[in-house]
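What follows is a short report on a single structure.
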Amino acid sequence: MKTENSTTSLTLAAVERFNAAFNRHDVDAVMNAMTEDCIFENTNPAPDGARLVGAEQVRAYWTKFFTNNPDAVFEAEDIFASSDRCVVRWIYRKTKDGKPWHLRGVDVFKVRDGKVAEKLAYVKG
């Protein structure tokens with residue numbers, strides 16, 4: 001039987017695997033870190049963001065995202081978890097119009113069986 005501490009450790013490890021794959025722009029590894037029935041809620045369009053459901057939709061989004069943002073990187077400012085939930089406060093950096101650009105936000109993750117089942121993204125401003 002898993003204890004809450006071991007579940008929390010597994011949740012943190014799953015999110016860290018996801019984040020590392022994301023920053024490598026490795027779509028296969030990102031999707032291997034997510035469940036088949038995964039949910040991703042994007043930060044746009046405002047006010048609620050697009051909701052993508054299932055590995056096929058999410059894979060298509062990440063493929064296009066990495067193509068359109070070849071230098072995109074998320075830097076975790078803070079990360080904490082409890083049981084199957086994890087929150088990551090981040091800075092998203094990339095080049096926009098030839099200049100360094102950034103955005104700050106938070107992701108709320110739900111992990112199931114060692115994989116990301118939900119990634120819900122929120123931004124400042």
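Residue indices begin at 1 and follow the sequence shown.
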Would you check, one step at a time, whether the test side chain to side chain contact (heavy atoms under 4.5 Å, CB included) holds for Met34 with Lys115?
CA-CA 5 Å; Met34 299 186 85; Lys115 293 188 173 195; 5.7 Å; no
Once the angle between the rings of Phe65 and Phe74 is folded into 0 to 90°, is it parallel (under 30°), tilted (30 to 60°) or perpendicular (over 60°)?
tilted
Determine, stepwise, if the pair Ser9 / Leu12 fulfils side chain to side chain contact (heavy atoms under 4.5 Å, CB included).
CA-CA 5 Å; Ser9 294; Leu12 282 168; 5.8 Å; no
For Arg51 and Ile39: C-alpha separation, side-chain torsions, deciding distance, then whether side chain to side chain contact (heavy atoms under 4.5 Å, CB included) applies.
CA-CA 7 Å; Arg51 181 178 173 93; Ile39 295 170; 3.2 Å; yes
Judged by atom type as modelled, is there a donor-acceptor pair below 3.5 Å linking the side chain of Thr11 to the main-chain atoms of Ser83?
yes
Any sub-3.5 Å donor-acceptor pair from Thr95's side-chain atoms to Gly98's backbone N or O?
no
In Å, rounded to the nearest 0.5 Å, how long is the span from OG1 of Thr35 to CG of Asp113?
9.0 Å
Do Arg59 and Asp28 pass the side chain to side chain contact (heavy atoms under 4.5 Å, CB included) test, and can you show the C-alpha distance, the side-chain angles, and the key distance before you say yes or no?
CA-CA 8 Å; Arg59 176 182 286 278; Asp28 289 335; 2.9 Å; yes
Glu56, CD atom: more than 12 neighbouring heavy atoms under 6.0 Å:
no
Quick one: which residue pairs count as a ring-ring contact (aromatic ring centres under 6.0 Å, His included) with a foot in residues 35-57, not counting sequence neighbours?
Phe40-Tyr61, Phe40-Trp62
Once you round to the nearest 0.5 Å, how far does CG of Asn68 lie from OG1 of Thr63?
11.0 Å
Approximate separation, where rounding is to 0.5 Å, of Glu118 CD and Asp37 CG:
9.0 Å
Measure the CZ-CG distance between Phe66 and Asp26 for me, rounded to the nearest 0.5 Å.
8.0 Å
Smallest separation among heavy atoms of Asn69 and Lys94, with atom names
OD1-NZ, 2.7 Å
Does CD belonging to Glu77 count more than 12 external heavy atoms closer than 6.0 Å?
yes
Would you say Val27 and Val73 are hydrophobically clustered, going by side-chain heavy atoms of ILVMFWY under 4.5 Å?
no
When clusters are formed by joining ILVMFWY residues with side-chain heavy atoms under 4.5 Å apart, either directly or through shared neighbours, do Val106 and Val111 land in the same one?
no
Give a yes or no on whether Leu10 and Val116 share a hydrophobic cluster (residues Ile, Leu, Val, Met, Phe, Trp, Tyr; joining criterion: side-chain heavy atoms under 4.5 Å apart).
no
Is it true that a side-chain atom of Arg17 and a backbone atom of Gly114 form a donor plus acceptor pair closer than 3.5 Å?
yes
Kindly work out whether a path of hydrophobic side-chain contacts (I/L/V/M/F/W/Y, heavy atoms less than 4.5 Å apart) joins Val30 to Leu120.
no
Between Lys119 and Asp107 the two heavy atoms that sit nearest each other are NZ-OD2, 2.8 Å
Over all atoms of both residues, closest heavy-atom pair of Ala29 and Ala21
CB-CB, 3.5 Å
Pairs meeting criterion ring-ring contact (aromatic ring centres under 6.0 Å, His included) with involvement of residues 96-125, two or more places apart:
Phe18-Phe109, Tyr92-Trp101
